[in-house]
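A quick note: this is a predicted structure, and the numbers were derived from the prediction, not measured. Computed from heavy atoms alone, side chains included, the values below leave out hydrogens, waters and symmetry copies.
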Amino acid sequence: MGLERTILNQVKTQIQNVNGAGSYVNDVSGSDAVVIGATFAPHRVPGVYLYPNGVSSSQSGGSTVLTRYDRTMSVQVECWRGATNSQPGTALLDALDFQDDVMRALEADRSLGNNVRDIEIAGASYDGAELDRPGLGLAVLLLTIKYTETAGV
């Protein structure tokens with residue numbers, strides 16, 4: 001099993017820690033609430049969908065150990081949830097809360113179980129009505145995951 005699979009599974013595990021308790025608003029702790037690589041079909045709202053967007057390798061003279069590669073993996077995280085009411089702006093604000101929940105869960109262990117050096121997160125939130133999904137809110141996060149891989153193994 002490749003390290004990329006391990007990393008993606010750890011992202012899923014950490015997002016499943018969003019359980020509606022404590023500082024979390026949403027609950028995606030159920031076994032079917034966080035899905036890797038499925039197209040959005042609202043089998044569950046709230047729901048999170050993970051899409052790997054590519055991996056790149058590099059070596060930097062003087063900083064990368066000769067037997068290793070520095071790697072960067074991008075993962076898109078789509079978080080869908082129902083609006084708590086029909087007031088204008090509610091779906092967008094609910095999506096913003098969902099974005100915050102997922103960022104908190106991932107930032108709780110930025111090493112993703114000691115598999116990576118660090119993650120960076122960029123996010124945007126949308127009212128589902130803008131996307132022909134009225135009554136839903138959407139948060140899209142782009143994870144940039146930095147790690148090291150051993151060469152030739």
Side-chain angles (χ1 to χ4, degrees), residues 1-58 60 69-149:
M1 176 167 47
L3 185 55
E4 289 77 15
R5 179 189 289 245
T6 300
I7 291 168
L8 196 57
N9 281 324
Q10 184 62 30
V11 167
K12 177 181 177 180
T13 297
Q14 284 184 216
I15 292 173
Q16 286 175 316
N17 289 331
V18 175
N19 62 5
S23 64
Y24 295 126
V25 174
N26 297 279
D27 183 358
V28 289
S29 59
S31 63
D32 65 341
V34 182
V35 180
I36 295 174
T39 55
F40 176 68
H43 74 284
R44 178 170 173 152
V45 175
V48 177
Y49 300 84
L50 308 175
Y51 303 95
N53 278 346
V55 176
S56 63
S57 290
S58 66
S60 301
Y69 286 96
D70 293 323
R71 288 205 174 158
T72 302
M73 179 178 183
S74 295
V75 176
Q76 182 170 310
V77 180
E78 294 183 4
C79 309
W80 291 90
R81 63 152 295 143
T84 52
N85 65 54
S86 61
Q87 297 290 76
T90 299
L92 179 62
L93 294 173
D94 290 342
L96 194 60
D97 288 340
F98 206 166
Q99 177 180 299
D100 182 63
D101 283 350
V102 171
M103 290 176 85
R104 285 176 187 269
L106 292 170
E107 291 167 348
D109 177 8
R110 291 175 28 193
S111 74
L112 298 177
N114 294 319
N115 291 302
V116 305
R117 288 192 313 271
D118 201 3
I119 60 171
E120 296 173 359
I121 306 171
S125 298
Y126 305 92
D127 185 320
E130 298 173 39
L131 308 165
D132 293 327
R133 300 270 188 194
L136 296 177
L138 169 65
V140 179
L141 294 89
L142 183 59
L143 311 181
T144 302
I145 302 168
K146 299 176 181 186
Y147 58 104
T148 303
E149 184 69 282

Taking salt bridge (charged side-chain N to carboxylate O under 4.0 Å, His left out) as the test, write out the residues that go with [X], two or more places apart.
| X | answer |
| --- | --- |
| D100 | R104 |
| D118 | R110 |
| E120 | K146 |

message: Testing the 3.5 Å rule here: is there a donor-acceptor pair between the side chains of T6 and N115?
response: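 There is no such pair between these side chains.
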Pair D101, N26: side-chain N/O donor-acceptor within cut-off below 3.5 Å: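 Their side chains do contain a donor-acceptor pair, which is all the 3.5 Å distance test asks for.
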- prompt: Does atom CG of D132 have more than 12 heavy-atom neighbours from other groups under 6.0 Å away?
  reply: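 No, because the 6.0 Å sphere around CG of D132 holds 12 heavy atoms or fewer from other groups.
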side-chain contact (heavy atoms from CB on, under 4.5 Å) partners of L96, counting only residues at least two apart: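 Once residues adjacent in sequence are excluded, the partners of L96 under the side-chain contact (heavy atoms from CB on, under 4.5 Å) criterion are Q99, S125.
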field: Partner residues of N114 under the side-chain contact (heavy atoms from CB on, under 4.5 Å) criterion, sequence neighbours left out
entry: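 N114 satisfies side-chain contact (heavy atoms from CB on, under 4.5 Å) with S111 only.
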- prompt: Taking atom CZ of F98 and atom CH2 of W80, what is their separation to the nearest 0.5 Å?
  reply: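 The distance works out to 11.5 Å.
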message: Rounded at 0.5 Å granularity, tell me how far SG in C79 sits from OH in Y126.
response: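 C79 atom SG to Y126 atom OH measures 12.0 Å (nearest 0.5 Å).
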field: Test side-chain hydrogen bond (donor to acceptor under 3.5 Å, both in side chains) applied to Q14 and Q16, step by step
entry: CA-CA 5 Å; Q14 284 184 216; Q16 286 175 316; over 6 Å; no
query: By side chain to side chain donor-acceptor pair (under 3.5 Å), which residues pair with T72, not counting sequence neighbours?
result: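 Applying side chain to side chain donor-acceptor pair (under 3.5 Å) to T72 gives none.
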- request: May I ask you to decide if N9's main-chain N or O and T13's side chain share a donor-acceptor pair within less than 3.5 Å?
  value: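 Yes: the side chain of T13 pairs with the backbone of N9.
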query: Is L138 close to R133 at the side-chain level, that is, under 4.5 Å between some pair of heavy atoms?
result: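 Not touching, per the 4.5 Å side-chain cut-off.
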message: Less than 4.5 Å apart, side chain to side chain, heavy atoms only: is that true for V48 and V35?
response: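 Side-chain contact under 4.5 Å: no.
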query: Salt bridge between R117 and D70, side-chain N to carboxylate O under 4.0 Å?
result: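 A salt bridge links R117 with D70.
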